[in-house]
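These notes concern the structure reproduced below.
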Amino acid sequence: MTLATLSDVLQPALRGGHAVPGLVCLGWEDMRAYAMAAQAERAPVILQAGPSCRAHTPLPVLGAMMRHLAADVDVPVVVHLDHGYSFDECRQALEAGFTSLMYDGSRKPLAQNIDETAQVAELAHASGISCEGEIGFVGYSGGEGSAGTDPSEAAIFARESGVDAMAISVGNVHLQTDHEGGLDEARIRAIEAVTDVPLVIHGGSGVPYAQRAALAAGSRIAKFNIGTELRMAFGAALRAAINADPARFDRVAILKETHDPVFDAARAVIRGLGASGKA
């Protein structure tokens with residue numbers, strides 16, 4: 001069993017000058033490809049169950065699937081709740097075998113965000129697992145706008161919440177399908193100057209590859225969440241499999257053809273963060 005906590009993989013990443021991918025899972029096919037990609041690259045990996053994944057599959061099932069995959073590889077695998085919105089949801093993930101909990105209070109006032117995140121951090125630490133929090137709001141492409149992280153608030157949040165990792169809003173956007181944005185490096189450096197907590201970038205798919213690699217190697221950003229570009233690889237492979245033979249109907253045969261493209265895309269993400277060979 002290679003189950004790991006967030007701290008188990010992020011602290012070595014800070015020391016080693018790389019970042020760990022938080023790969024957003026939607027089902028068995030993609031999470032299996034991610035685990036196998038990490039094994040092939042000899043890299044740690046964070047398998048993430050976000051809100052849309054949890055709406056489709058119950059937490060206890062997701063926890064069992066991810067823990068099964070961790071048992072099948074010999075690289076560190078973090079089973080991570082992404083964007084938990086309530087204490088009860090985080091507690092349910094803990095009971096389902098998750099090894100890392102992210103509480104997202106980023107839409108709330110600072111004091112409330114700190115108080116609620118600290119409760120989840122206390123819950124996690126009492127069970128020997130990790131907690132991620134978010135300060136500043138990361139918006140959505142075509143949806144809610146972002147609210148950038150204030151470095152002075154980040155310092156307070158990191159100190160008082162007790163989190164093991166801190167997600168920040170520095171120009172990153174969820175669900176971005178191109179790489180034409182870019183992170184605000186001046187804001188990142190200002191946040192780094194006031195805290196030593198590992199930093200997390202949500203919406204990592206929209207960050208230009210070169211900047212992603214440079215920040216993984218030369219900043220306190222130790223985790224990049226990557227979902228959209230991997231979902232795009234899955235979708236393209238699925239369409240190709242179906243269009244190749246419109247008479248096909250066996251879902252196992254069709255879904256099998258998504259494996260190699262998603263596996264290859266995940267390996268590329270891992271290499272781009274400098275995580276290969278770090279397990």
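None of these values were measured; they are calculated from a predicted model. Atom set for the values below is all heavy atoms of this structure, side chains included, hydrogens, waters and symmetry mates excluded.
Taking OG1 of T2 as the reference point, atom CZ of R67 lies at 10.5 Å (rounded to 0.5 Å). E116 CD to C90 SG: the interatomic distance, rounded to the nearest 0.5 Å, is 10.5 Å. Q48 contributes atom CD, which lies 11.5 Å from atom CE of M31 (distance to the nearest 0.5 angstrom). With values rounded to the nearest 0.5 angstrom, F234 atom CZ is found 4.5 Å from T258 atom OG1. Residue I156 holds its CD1 atom at 12.0 Å from CG of N113, rounded to the nearest 0.5 Å. Within the model, atoms NE2 of H18 and CG of L10 stand 8.5 Å from one another, a figure rounded to the nearest 0.5 Å.
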- Going through the checks in order, is the salt bridge (charged side-chain N to carboxylate O under 4.0 Å, His left out) test met by R42 and D74? CA-CA 8 Å; R42 306 303 307 160; D74 61 1; 2.7 Å; yes
- Query: Do L6 and K223 pass the side chain to side chain contact (heavy atoms under 4.5 Å, CB included) test, and can you show the C-alpha distance, the side-chain angles, and the key distance before you say yes or no?
  - Reply: CA-CA 9 Å; L6 212 54; K223 175 174 179 268; 4.1 Å; yes
- Item | Candidate pair V45 and V73, rule side chain to side chain contact (heavy atoms under 4.5 Å, CB included), full reasoning | CA-CA 11 Å; V45 68; V73 298; over 6 Å; no
- Check the pair I188, I221 against side chain to side chain contact (heavy atoms under 4.5 Å, CB included), reporting the backbone distance first and the verdict last. CA-CA 9 Å; I188 292 169; I221 297 171; 3.8 Å; yes
- Task: With side chain to side chain contact (heavy atoms under 4.5 Å, CB included) as the test, would you mind laying out the steps for V262 and E29 before giving the verdict?
- Result: CA-CA 9 Å; V262 176; E29 286 76 22; over 6 Å; no
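A donor-acceptor contact shorter than 3.5 Å links the side chain of R54 to the backbone of A49. In terms of modelled atom types and a separation under 3.5 Å, the side chain of S106 and the main chain of F137 share no donor-acceptor contact. Under a 3.5 Å cut-off, the side chain of T99 and the backbone N or O of V78 do not form any donor-acceptor pair. Of the possible donor and acceptor atoms, none in the side chain of S205 sits under 3.5 Å from a partner among the backbone N and O of I226. A donor-acceptor pair under 3.5 Å is formed between the side chain of N172 and the backbone N or O of H202. Side-chain N or O atoms of Q211 include one that pairs as donor or acceptor with a backbone N or O of L183 at under 3.5 Å. Side-chain atoms of R248 come within 3.5 Å of backbone atoms of A253 as a donor-acceptor pair (strictly under, hydrogens ignored). In this structure, T149 contributes its side chain and I135 its backbone to a donor-acceptor pair below 3.5 Å.
Salt bridge status for R159 with D196: absent, with no side-chain N to carboxylate O gap under 4.0 Å. Salt bridge absent: R267 and D264 never bring a charged side-chain N and a carboxylate O closer than 4.0 Å.
Within a 6.0 Å radius of NZ in K256, other residues, nucleotides and ligands contribute 12 heavy atoms or fewer. Counting non-hydrogen atoms of neighbouring residues, nucleotides and ligands closer than 6.0 angstrom, the CD atom of E185 exceeds 12 such neighbours.
Between A35 and L69, the closest heavy-atom pair is CB-CB, 4.1 Å. Summarising the geometry of A4 relative to P76, their closest heavy-atom pair is CB-CB, 4.0 Å, with the distance given to 0.1 Å. Across F224 and A19, no two heavy atoms sit closer than the pair CD1-CB, 3.8 Å. The minimum heavy-atom distance linking G128 with T5 is given by the pair O-CG2, 3.6 Å. The minimum heavy-atom distance linking G133 with V163 is given by the pair N-CG1, 3.7 Å. The nearest pair of heavy atoms linking P44 to A275 is CD-O, 4.0 Å.
H174 and N225 share no side-chain donor-acceptor pair at under 3.5 Å. Side-chain atoms of D150 and S152 form a donor-acceptor pair, as typed in the model, at a separation below 3.5 Å. D88 and Q92 form no side-chain donor-acceptor contact under 3.5 Å, judged by distance and modelled atom types alone.
In the hydrophobic cluster analysis, where Ile, Leu, Val, Met, Phe, Trp and Tyr join through side-chain heavy atoms closer than 4.5 angstrom, M102 is grouped apart from I129. Under a hydrophobic clustering in which Ile, Leu, Val, Met, Phe, Trp and Tyr are joined whenever their side-chain heavy atoms come within less than 4.5 Å, directly or via other members, M36 and M66 fall into different clusters. Under a hydrophobic-cluster definition in which Ile, Leu, Val, Met, Phe, Trp and Tyr are linked whenever side-chain heavy atoms come within less than 4.5 Å, directly or via other members, Y34 and V79 are assigned to the same cluster. Cluster annotation: L215 and M166 are assigned to the same hydrophobic cluster (Ile/Leu/Val/Met/Phe/Trp/Tyr, side-chain heavy-atom contacts under 4.5 Å, transitive). Using a 4.5 Å cut-off between side-chain heavy atoms of Ile, Leu, Val, Met, Phe, Trp and Tyr, with links allowed through other members, V20 and V200 fall into different hydrophobic clusters.
Side-chain atoms of L199 and I191, non-hydrogen and from C-beta on, do get closer than 4.5 Å to each other. Within the 4.5 Å cutoff, the side chain of F98 has heavy atoms near those of the L62 side chain. Looking at H125 and D164, their side chains come closer than 4.5 Å, going by heavy atoms from C-beta outward. Counting heavy atoms from C-beta on, the side chains of L59 and L81 come closer than 4.5 Å.
Aromatic ring orientation, H68 versus W28: tilted (interplanar angle from 30° to 60°).
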